[in-house]
Structures are given as structure tokens and as C-alpha cells.
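Comments concern the structure below.
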Amino acid sequence: MEKIKVIVGDKSEQFERGTPIGEIFKKFDIKGAIGALVKPLEEIKKEEHKEELLKDSKATDSGIFDLHTPLEFSAEVKPIYKGSKEGLEIMRHTLAHILAQALSELYGRTNVHLGIGPTTENGFFYDVEIEGVHLKEEDLPKIEEKMKEIVKRDLPIERIELSREEAKKLFSELGEKYKLQIIDRIPEGEKITVYKQGDFIDLCKGPHLPSTGKVGEFKLSHIAGAYWLGRSDQPMLQRIYGVAFWTKKDLKNYLNFLEEVKKRDHRKLGRELEFFTIDNNIGAGLILWLPRGALYRKLLEDFLREEHYKRGYQFVYTPHVGKSVLWETSGHLEFYKENMFPPMEMDNETYFVKPMNCPFHIAIYKSKVRSYRELPLRFFELGTVYRYELSGVLHGLLRVRGFTQDDAHIICTEEQVEGEIKKALKFALDILKVFGFNEYKVYISTRPEKSVGDDHRWEVATNALIKAVTDLGLDYDIDEGGGAFYGPKIDIKVKDAIGRFWQLSTIQFDFNSPKGLT
RNA sequence: GCCGGCGUAGCUCAGUCGGCAGAGCGGGGGAUUUGUAAUCCCCAGGUCGCGGGUUCAAGUCCCGCCGCCGGCUCCA
């Protein structure tokens, strides 16, 4: 049998490959662990060459394992205990399963069809379909009671590896149609594991606690609908959300925090301070700015104008509607129509309300003969646009159907591109900083399916954006296919008081329009 | 769009089996003067989101519409 080397603390020992981590800990006389932080030795070797970033905080990157899992490679293994941050992840995951078990005991195992049950930032959820049952908020206490009962039983949790055939057989017997779909999506060669607690068995890759009694404090928070796989052509499941922490105090703190956050909700403040309102008879996602809010808005706008002026932007104003030919040449009618308000007929012409300002700014560029010496040209407008958003996604002032954006278009030469992108990005971050948005995520959004232009140009443009982001020392994620139809973009999402992220600034690279300019 | 919840006085909400619209806070008036938002008394009269329908009678039941809110992968 092949041997692996395991380091725990300052000791190390040889084990047979595939020894469960729980047994390894026994050998090292470690008691009370609920999981393990595992770092492959190979990875450590790699990182040793890159300074000393092997601090505890970084270690979470390499993986949280439970005690049931056999260790298949040489690694450094650190025990995780109750009360630890890493342990929360395991505990919450187990709670999701306890929730599933509670549901199956309440409504009958074969009536409950489980979707996915992952952890969240502060808890967990499980997506389920229950035959003939529409859960209501009032059902939550009952479910919570059942969960507590299961916790009290302190059921040992087992991990079992199954072959693909065994797994399929098991889950089709249980009527788990969604789990069967998941099994089909598991790549060939990857292990299929199930976890069992008492009579309840569920497809899961872990990690889980050693037993149900080891969970912390939790509360089911709310129910919402959620499409299976997040796709609107799939059935709608019922998602049950819960929050969970190790101690009552932490849970209470979090619930208090949510209360505090509610008090600071911009929709509540907007009403109380008489900043804005929404009227049934005007329409969804259409905002009325009340005098006090308008004054506040004016101050913001003045500030923005000033900042743009300082950075060499020229101010322009453009109409709210334009003929269809404009939107045909811009490509909006081909690629953005589902987000546009429907057409208006007038004088044998079709007009559209603008969803974007770009075609107008380009028309301004084209309004006279230009010399390359003028470049870069930076046109800026507080442009009001209208977009058709799904009614269900509208949200206060943050997701609306009509809004005014501080929108600028920079027309420049290829040589100027990099510098301009960096300047614009820096500008956006500086503005966010003024308003205290220090926590944000940067995304590079790449080519979507429906888009124009050749691959090579897309690649060059995308790389230019990545370079700008990394040159400014920012971390970023790739939003695959999230770009605009005419080019890739840098999106900046900022965190609100509740921890939700909202996209504010975006810097887009349009290399297609210039061709249409000549 | 879809699933679920909601829409009653300025705000937060109560209105059970359908029968003459209520409370607290705020606001207005008065009293008191003692202590940091919350002392006492009085008052306020709102198309019960909108439009249909059922009924002797609807905030309460049915249908349609409008709007708001929670969510719609943080992958087994």
C-alpha cells in the first residue's frame, strides 16, 4: 500500500494512503476536532518559493475536510475545533442536511425532492420541492423544532463512497430527481459520496460534522422561490434560508445587526427623509425625487460635474429618444432589444427611448471633421436612460427602470487606450472612496454569446482591461460572458450595509463603434 | 418574468365565522414644569392600492390590473 506523509503541528508521520483524517488525528492524540484544514505538501513546496504567505489566514484556501474523508495525498493537516471560523463552514453545511432531514420527516422522505443545500455567508439554505406542499413562513417554527429534535438525537454522521450505478439506484429509489441530475453532472472519475445520519441519506461531497449534536445555534430566517439551477426554464423550488453561529451571542448579534441594517435601509430613509417616492400610477421602477432628495441629488451632480471637468471631460446633452435607424446602426436593436422600452410611432417614423447614451455621444463626435490631434476626446453627460428590467428585480433606487447615469465616452487612439482605461478606473475608485465605499469587487466581464466583432479584437480588448486592473494592484474575478454586446468591461460592485453587492461603476471597451464612424 | 408575502389614518400595524373602520407612535390643542425621545387630558376623521363581480350588506369572499417586499446556484 502506498504511504503518504502527514504533518500535524511539529510532528509528522507516515500513513497508508486513504486513511480517514479522524484516524490520523487519533494517532496524533488530537481530541475534539470537528474537521481539518488540509494543505497538500506539494502546494506548500510551491509556495515556499513565493515568500512567506503561508499564514493562517491564507491556509483556508487549501481546503476544509471533515474527519470522515480519507486523505489521499501527503499534506499538512490542522485540526478544526468547535467555535472556529473554519468550523462554521462545516457546521452550517451539516445544518443544511439537518434541515433536509427535518423536512423529510415532516413531509415524508419520498415527497421531498432535494435540490442543493450549500452554506452562505452567515448560514445555509436548502432548495426543495415538496409534493403538494407550499411552505409558508408560519411553517418555519415547526421545521425548526424538528431540526432541534434531530440535533438532540446526536446522530453520528457517516460518509459513504458509492459507484455511479449504486448512487443512481439509491436516489431513484428515493425519488430524488434533482440529485440524479447532479450525479449526471459529476465528472467521470470523481468520487461520488453520500452522507448518512440516522435514516437520512443525502448526496453530498461534504464536509460534515462527526454528529448532528455538534452544531451551534441557528434560526430559519425566510423562504423564497429559486429556480432549479438558477434557470427560468427549470422548475421553481422552495428555498429555505437559515442563519447559524457557534454561540447564542453571535446569533443574537447577527440578528441585531440585521435589525440595525433595516433601520438604515435606503428605502426607509428615503421615505422618512422625503427624498424619493414611487407611485403606483407612474410605474414600477420609476422614481419621483422629492424636493429634499432633489437637493441632495443636485449636490452630488454638481460634485460629479466638477470632478469630470477637472479631469478633462467636456459636457454634452442629448435627447431621450431617437429614431430606430440610430439603434439599428448602434446594434442595440439587434442585441439589446429585450431591455428596451417598446417602440413609438410618429410621423411614419419609429422612435425608441434611449437605454444608453452611446449612440448620441458618437453622433456628437461625428458632427464635424475631427483631427487625431483632438484625441483623446472625453464626452460626459448625466444622461437619463430607460431600460426594461424584469419586474421582480426592481429594488428601491438601486434597481430601476429609469435612471440617470454619469456617463462618459472617451474616444482615443489605440496607443492611448491603456492610459485612458487606467485613468478612468482610478477616477471611478476615487469617487467611490469619497462616499465611503471601500469594499468592492472588481470583475472583468468577457464576451457574451450575443455580440459583435472578431475574436482577436475581443481578446486584445479584454487583456487591456485586465492589465489596467492588475497595474492598479486590484484583485478581480472573471465574469464569463458578462460583457456588453460591443465589448468587454470592468465592473465594480460595491457592498451595501447588509452585505449585498450592487454594480455601480463600469468601464467598457468598445472597439466596434469606431469602425462604423468612418 | 417566475415562486412566495404584502398594499387599512403621516409612520408601524390590528381588524376573528362578511354587518355601521381601530390602536400605538407622530401631528394639532390644552395642562403640568419634574429627569436627559417616551407626564396627563382632549382632538385628529383614512377613495381600506385600482377596477369589476358575488351578496340585503365586503377592508373582510371571487376575478383582473397596478405597485412594493423576500428571493431566483454563495454549485452535490
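Lettering follows sequence order; numbering is per chain, from 1.
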Between [N] and [M], how far is it from one [atom1] atom to the other, in whole Å?
N: B:U12; M: B:G49; atom1: P; answer: 14 Å
N: B:G15; M: B:C75; atom1: P; answer: 41 Å
N: B:G59; M: B:G22; atom1: P; answer: 13 Å
N: B:U32; M: B:C40; atom1: C1'; answer: 8 Å
N: B:U33; M: B:A37; atom1: P; answer: 22 Å
N: B:G46; M: B:C11; atom1: P; answer: 14 Å
N: B:G18; M: B:G29; atom1: C1'; answer: 39 Å
N: B:C56; M: B:G71; atom1: C1'; answer: 45 Å

Regarding [X], tell me which of base, sugar-phosphate or nothing describes its non-hydrogen contacts under 4.0 Å with the strands shown.
X: A:Gly285; answer: sugar-phosphate
X: A:Lys179; answer: sugar-phosphate
X: A:Lys268; answer: nothing
X: A:Glu190; answer: base
X: A:Leu114; answer: nothing
X: A:Gly206; answer: nothing
X: A:Gly396; answer: sugar-phosphate
X: A:Tyr388; answer: sugar-phosphate
X: A:Tyr178; answer: nothing

Whole angstrom value for the distance that separates [atom2] of [N] from [atom1] of [X]:
X: A:Ile282; N: B:C65; atom1: CD1; atom2: P; value: 21 Å
X: A:Phe125; N: B:A76; atom1: CZ; atom2: C1'; value: 12 Å
X: A:Arg401; N: B:C66; atom1: CZ; atom2: P; value: 10 Å
X: A:Lys262; N: B:G70; atom1: NZ; atom2: P; value: 10 Å
X: A:Glu389; N: B:C72; atom1: CD; atom2: P; value: 16 Å
X: A:Ile201; N: B:A76; atom1: CD1; atom2: P; value: 17 Å
X: A:Asp265; N: B:U12; atom1: CG; atom2: C1'; value: 15 Å
X: A:Leu269; N: B:C11; atom1: CG; atom2: P; value: 15 Å

Please check if the number of heavy atoms outside [X] that lie under 6.0 Å from its [atom1] is greater than 12.
X: A:Asn256; atom1: CG; result: yes
X: A:Phe403; atom1: CZ; result: yes
X: A:Asp475; atom1: CG; result: no

Can you tell me the pairing partner of [N] across any strand shown, Watson-Crick or G-U wobble, with both distances under 3.5 angstrom?
N: B:G64; value: B:C50
N: B:A14; value: none
N: B:U39; value: B:A31
N: B:G4; value: B:C69

[X] side chain N/O closer than 4.0 Å to the phosphate oxygens (OP1, OP2) of [N]?
X: A:Arg239; N: B:C75; answer: no
X: A:His395; N: B:G70; answer: yes
X: A:Tyr241; N: B:U73; answer: no
X: A:Arg267; N: B:C69; answer: yes

Do the ring planes of [X] and [Y] sit parallel (below 30°), tilted (30 to 60°) or perpendicular (above 60°)?
X: A:His208; Y: A:His93; answer: tilted
X: A:Tyr486; Y: A:His332; answer: tilted
X: A:Tyr241; Y: A:His222; answer: parallel

Are there any protein N/O atoms within less than 3.5 Å of an N/O atom in nucleotides 2-9 of chain B, and if so, which ones and at what distance?
from, atom 1, to, atom 2, distance (Å)
B:C2, O4', A:Tyr227, OH, 3.1
B:C3, O2, A:Gly225, N, 3.2
B:G7, N2, A:Asn280, ND2, 3.3

Determine whether a donor-acceptor pair (one donor, one acceptor, N or O, separation below 3.5 Å) exists between the side chain of A:Glu176 and the base of B:A76. no
Checklist entry - Got a donor-acceptor pair under 3.5 Å from the side chain of A:Arg271 to the base of B:C11? => result no
Just checking, any donor-acceptor pair under 3.5 angstrom between side chains of A:Gln405 and A:Asn357?
yes
| field | Under 3.5 Å side-chain donor-acceptor pair for A:Trp327 and A:Glu334 | value | no
Correct closest heavy-atom pair for A:Ile34 and A:Ile90 would be O-CD1, 3.9 Å
By nearest-nucleotide position on RNA chain B, the 5'-leaning member of A:Ile182 and A:Leu286 is A:Leu286
Note: for A:His222 and A:Cys204 on RNA chain B, the residue whose nearest nucleotide lies more 5' is A:His222
- [ ] Given side-chain hydrogen bond (donor to acceptor under 3.5 Å, both in side chains), test A:Thr212 with A:Gln197 step by step and report yes or no.
- [x] CA-CA 8 Å; A:Thr212 61; A:Gln197 54 201 50; over 6 Å; no
